[in-house]
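The chain is numbered in sequence order, starting from 1. Predicted model, so just to flag it, every value in this text is computed and none were measured.
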Amino acid sequence: MDISEFLGYAIPVISVFASYFCGRLQSDHQSKRDVEKERYENFYIPYIQLLYSGHIYSDIKSSDMSNEAILTELDLIMHNIQYLGKSSLSRVHLLYDSVLDMLEWNNGNEEFSSAPEKYDQEVTKFRKCVLLESSTLSKALHLSDLGAQFLSLLDEESPSMPQPPEQEPN
């Protein structure tokens, strides 16, 4: 077998493998983008809408919200927990505990006098994580950064909050 005969067989085989590899890369990229879009549309957009509708940007402390408002936010989080990013997911248990303490305080249990301060801190940290993740996702999807305004307000309140990583693993 001479070189031209070998190349006659090798080039089509190499072309098939290269085509498969490129198609696979494109498919993986599209799948990742679809997952990011699903996360953004099913949790981050409704959560930011809830923040806007709840006047979270006003001077009202989170701990002054009604039990119904606190539970509405927690319900949205818990029913969409599968869409959370790494940093917000790592804070859910802390937020959940602070909500339970806050409910005890609101029901008149004096043993939970530190609950309002703890809840304000935890909900602010959680929201900041969500808004940072939302910002990262919106950039990756080339969409408007809906949470940017809230994020700047939270940055003014708590500038020492740690930043989550730029890219969210899936």
Side-chain angles (χ1 to χ4, degrees), residues 28-58 60-107 109 111-170:
D28 288 347
H29 177 73
Q30 185 62 42
S31 293
K32 181 180 177 186
R33 187 172 169 85
D34 290 346
V35 168
E36 289 173 339
K37 186 176 183 184
E38 181 180 356
R39 288 177 61 214
Y40 192 71
E41 290 176 348
N42 289 321
F43 175 70
Y44 293 91
I45 290 175
Y47 190 78
I48 292 168
Q49 288 172 333
L50 178 71
L51 294 179
Y52 272 109
S53 67
H55 295 281
I56 302 305
Y57 49 85
S58 66
I60 299 171
K61 284 186 167 187
S62 298
S63 56
D64 291 336
M65 296 185 330
S66 68
N67 283 354
E68 182 182 355
I70 291 170
L71 291 173
T72 297
E73 184 173 357
L74 183 65
D75 187 57
L76 178 62
I77 294 163
M78 297 309 288
H79 280 93
N80 293 287
I81 199 165
Q82 71 272 21
Y83 299 119
L84 296 180
K86 187 177 181 179
S87 43
S88 58
L89 188 58
S90 72
R91 301 214 61 86
V92 168
H93 71 284
L94 299 168
L95 177 64
Y96 189 84
D97 288 346
S98 71
V99 167
L100 293 178
D101 290 354
M102 193 63 210
L103 295 175
E104 285 289 337
W105 173 250
N106 285 344
N107 285 331
N109 190 337
E111 293 178 27
F112 291 88
S113 61
S114 64
E117 182 180 342
K118 178 182 170 188
Y119 176 73
D120 286 336
Q121 290 172 357
E122 289 305 326
V123 78
T124 298
K125 290 175 184 178
F126 179 81
R127 288 173 181 167
K128 186 164 186 179
C129 287
V130 167
L131 293 170
L132 287 166
E133 291 166 358
S134 169
S135 179
T136 300
L137 281 172
S138 66
K139 287 175 188 168
L141 296 168
H142 306 289
L143 299 171
S144 297
D145 190 353
L146 300 177
Q149 181 64 32
F150 284 129
L151 191 54
S152 66
L153 292 173
L154 290 176
D155 281 339
E156 291 172 8
E157 292 176 14
S158 59
S160 62
M161 250 312 272
Q163 300 290 320
E166 276 295 312
Q167 291 293 335
E168 281 296 320
N170 287 325

For atom [atom1] of [X], is the number of surrounding heavy atoms from other residues, nucleotides or ligands below 6.0 Å larger than 12?
X: Phe112; atom1: CZ; value: yes
X: Glu104; atom1: CD; value: yes
X: Gln82; atom1: CD; value: yes

With heavy-atom distances below 4.5 Å as the criterion, would you say the side chains of [X] and [Y] are in contact?
X: Tyr83; Y: Glu133; answer: no
X: Leu51; Y: Leu131; answer: yes
X: Tyr40; Y: Leu146; answer: yes
X: Glu73; Y: Val123; answer: yes
X: Ser62; Y: Arg127; answer: yes

In Å, rounded to the nearest 0.5 Å, how long is the span from [atom1] of [X] to [atom2] of [Y]?
X: Leu143; Y: Ser135; atom1: CG; atom2: OG; answer: 11.5 Å
X: Ile81; Y: Met78; atom1: CD1; atom2: CE; answer: 4.5 Å
X: Leu94; Y: Lys118; atom1: CG; atom2: NZ; answer: 8.0 Å
X: Ser98; Y: His93; atom1: OG; atom2: NE2; answer: 10.5 Å
X: Ser63; Y: Ile70; atom1: OG; atom2: CD1; answer: 7.5 Å
X: Leu71; Y: Leu76; atom1: CG; atom2: CG; answer: 12.5 Å

Under a 3.5 Å distance rule, please check whether [X] uses its side chain to pair with a backbone N or O of [Y] as donor and acceptor.
X: Ser138; Y: Ser134; answer: yes
X: Arg33; Y: Ala140; answer: yes
X: Asp101; Y: Ala115; answer: no
X: Asn107; Y: Leu103; answer: yes

Problem set entry | Ring geometry between Phe126 and Tyr47 (parallel below 30°, tilted from 30 to 60°, perpendicular above 60°) |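 Aromatic pair Tyr47/Phe126 classed perpendicular.
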
Closest heavy-atom pair and its distance - [X], [Y]:
X: Met65; Y: Asn106; answer: O-ND2, 4.4 Å
X: Pro116; Y: Ser113; answer: CD-O, 3.5 Å
X: Ile77; Y: Phe43; answer: CA-CE1, 4.0 Å
X: Gly85; Y: Tyr44; answer: N-OH, 3.1 Å

